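Accompanying notes for the structure given below.
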Amino acid sequence: MKKKHEYFYLQPKEEAAMKVLWDTDDALSASEIAERIPDRNWPASSIHAILRNLQKKEAIHVDTITKLGKSFGRLFRPLLTANEYAAMQFNRYYQNGKADCYSMMSSLLGNTSADNKEILEALQNLIKEYENEED
């Protein structure tokens, strides 16, 4: 069973770095992460502070230390998926009964261009998956 993450919020620069990590299967160095952030308007050297913050939040970890050019460097991987992070934000908002989560799910489904039959099928498959896990 996966570890449940404590709630945290990603600052915009942290989120940009996480999106890079979420979009690849590879472990990446700090410079690779900085290079892949689209429309980055801040110095690449500040990526180290961002990665330290992400490590403190337990959003990423050092996957390996390897030779990068003439020296050694760390390669990073995320400790949670984009969906897990989104669910964390969602659960935080709805945990105190501030709003009706069923209404929210309905809104999400109603604001999609996907075929309703497709959505219904996907939800039925998801329910079957959860039922099978309980057995």
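Computed from a prediction, not measured in an experiment: that's the story for all the values here. Computed from heavy atoms alone, side chains included, the values below leave out hydrogens, waters and symmetry copies.
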Apart from I127 itself, which Ile, Leu, Val, Met, Phe, Trp or Tyr residues share its cluster (side-chain heavy atoms under 4.5 Å, direct or through members)? none

Tell me if a side-chain donor or acceptor on Y85 pairs with a main-chain N or O of A59 at a distance below 3.5 Å. no

Could you grab the distance from atom NZ of K13 to atom CD1 of I50, nearest 0.5 Å is fine? 5.5 Å

Contact between Q89 and Y7 at the side-chain level, heavy atoms closer than 4.5 Å - yes or no? yes

Less than 4.5 Å apart, any side-chain heavy atom of F76 and any of L28? no

Measure across P43 and S46 and return the closest heavy-atom pair with its distance rounded to 0.1 Å. O-OG, 2.8 Å

Donor-acceptor contact present, side-chain E15 to main-chain P12, <3.5 Å: no

Between G73 and L68, which heavy-atom pair has the shortest distance, and what is it? CA-CD1, 3.5 Å

Find out whether I65 and L75 are in side-chain contact, i.e. whether some heavy atom of one side chain is under 4.5 Å from a heavy atom of the other. no

Between atom CE of M18 and atom NZ of K57, what is the distance when rounded to the nearest 0.5 Å? 10.0 Å

Residue pairs, two or more places apart or on separate chains, that pass salt bridge (charged side-chain N to carboxylate O under 4.0 Å, His left out) and touch residues 60-76: D63-R77

Under 3.5 Å donor-acceptor, T24 side chain and D26 backbone: yes

Could you tell me if the side chain of L51 sits less than 4.5 Å from the side chain of E14, heavy atoms only? no

With a 3.5 Å cut-off and sequence neighbours excluded, list the donor-acceptor pairs that the side chains of residues 31-39 form with protein atoms.
from	atom 1	to	atom 2	distance (Å)
S31	OG	S29	OG	3.3
E32	OE1	S29	N	2.8
E32	OE1	S29	OG	3.3

Report yes if the side chains of E58 and F8 come closer than 4.5 Å at any heavy-atom pair, otherwise no. no

Short side-chain to backbone donor-acceptor contact, W22 and L80, under 3.5 Å: yes

Considering non-hydrogen atoms only, spot the tightest contact between H61 and P78 and give its length. CD2-O, 4.3 Å

